[in-house]
Amino acid sequence: MATTRFSPFELLLLKSRNQTDTAALLLLTWVAASKGSLSETDRQRLADMSASMRHGHDCQAILDIGARQDLDAVQLAAEVLQKDRWGTQASPFLRQAIEIAVTEGKLAAATNHILRFLADLLGTSPPQFAQLYLEVIGKPFESPEDPSREAYWQAREHARQQQRSQSEQRQREQQSHHRQRHSQEGTGGSRQGSGRPHGDKTLRALAILGLDAGATRSEIKKAYRRLAQTHHPDRFFALGERDVASASMRFQKSRKPTNT
């Protein structure tokens, strides 16, 4: 004797106190999962919706099946729901589907198609559903993008080109900014005191070289070389240790401006 094997969703329907509510919850989960994945926020919203339903079992099992987007379960749920929520009775369910479909005011293309399928399944005309969507979301129900149309790919290519152009423009502006900054730093650094006041130590050091506060680095180096040649200790070696020590002190003083 052959045994009949039921799918997980079929078993849930058999145990359900209200099969229509079980089917509705699975289809709502399918709508949420069509956005890419079933987020924790959507799980909580579905759990809140489930609390007002009469299926009588833990909603987690239904959410798990819906999250997998089991098309056999979806087809069976659609058949069950269609029997009891046709026509005017479809509005409460479709409102819930719209609420769970929209995230931060945005509706994904895949979810858009699913909403249209559910509206058609339950005998709600496109104008009626568009009005219902406007009442729930406060925005018009727009047509989904059609990848089979040439205009769809032209628009995507145009958007990519704009992004590429903007990125290249930003890179050029950054490079120009860096060049200007380096140029300003180079100009500002050509004079010892450019852009900042001299301290007392710097002024005293420049005075040793016989220079004023506006001396350039080139002038400082020339004056240092001149003093270094004059006071280098090697030139006083033959005159004795005292003269060498005195020359060494003057030589060290002449080096301070270059280190300041």
Does the side chain of [X] reach to within under 4.5 Å of the side chain of [Y], using non-hydrogen atoms?
X: Ile98; Y: Phe129; answer: yes
X: Cys59; Y: Leu25; answer: yes
X: Val102; Y: Lys139; answer: no
X: Met53; Y: Ile62; answer: no
X: Leu115; Y: Leu107; answer: yes
X: Val31; Y: Leu118; answer: yes
X: Leu132; Y: Ser91; answer: yes

Cluster link Trp86 to Phe117, ILVMFWY, side chain under 4.5 Å: no
Just how far is it from atom [atom1] of [X] to atom [atom2] of [Y], taken to the nearest 0.5 Å?
X: Arg116; Y: Asp120; atom1: CZ; atom2: CG; answer: 11.0 Å
X: Ile100; Y: Leu27; atom1: CD1; atom2: CG; answer: 13.0 Å
X: Ser50; Y: Gln44; atom1: OG; atom2: CD; answer: 11.0 Å
X: Trp30; Y: Asp70; atom1: CH2; atom2: CG; answer: 11.5 Å
X: Glu79; Y: Gln82; atom1: CD; atom2: CD; answer: 8.0 Å
X: Ser176; Y: Gln171; atom1: OG; atom2: CD; answer: 13.5 Å

Salt bridge (charged side-chain N to carboxylate O under 4.0 Å, His left out) involving Asp64 - partner list, sequence neighbours excluded: Arg43
Do you know which two heavy atoms are closest between [X] and [Y], and how far apart they sit?
X: Ala90; Y: Leu122; value: CB-CB, 3.5 Å
X: Ala77; Y: Ala23; value: O-CB, 3.4 Å
X: Ile65; Y: Leu12; value: CD1-CD1, 3.6 Å
X: Asp21; Y: Asn18; value: N-OD1, 2.9 Å
X: Thr29; Y: Ala67; value: CG2-N, 3.7 Å

Exercise: do Glu173 and Gln169 side chains pair donor with acceptor under 3.5 Å: yes
Donor-acceptor side-chain pairing of Ser125 and Gln128 below 3.5 angstrom: yes
Under 3.5 Å: donor-acceptor pair, side chain of Arg45, backbone of Glu99: yes
More than 12 heavy atoms from other groups under 6.0 Å of CZ on Arg17: no
Arg54 atom CZ: more than 12 heavy-atom contacts under 6.0 Å: no
Plane angle bin for Phe141 and Tyr133 - parallel if under 30°, tilted between 30 and 60°, otherwise perpendicular: tilted
For Phe93, ring-ring contact (aromatic ring centres under 6.0 Å, His included) partners two or more places apart: none
Step-by-step side-chain contact (heavy atoms from CB on, under 4.5 Å) determination, Leu46 to Leu38: CA-CA 10 Å; Leu46 289 165; Leu38 194 59; 3.9 Å; yes
ring-ring contact (aromatic ring centres under 6.0 Å, His included) partners of residues 31-85, not counting sequence neighbours, each pair once: His55-His57
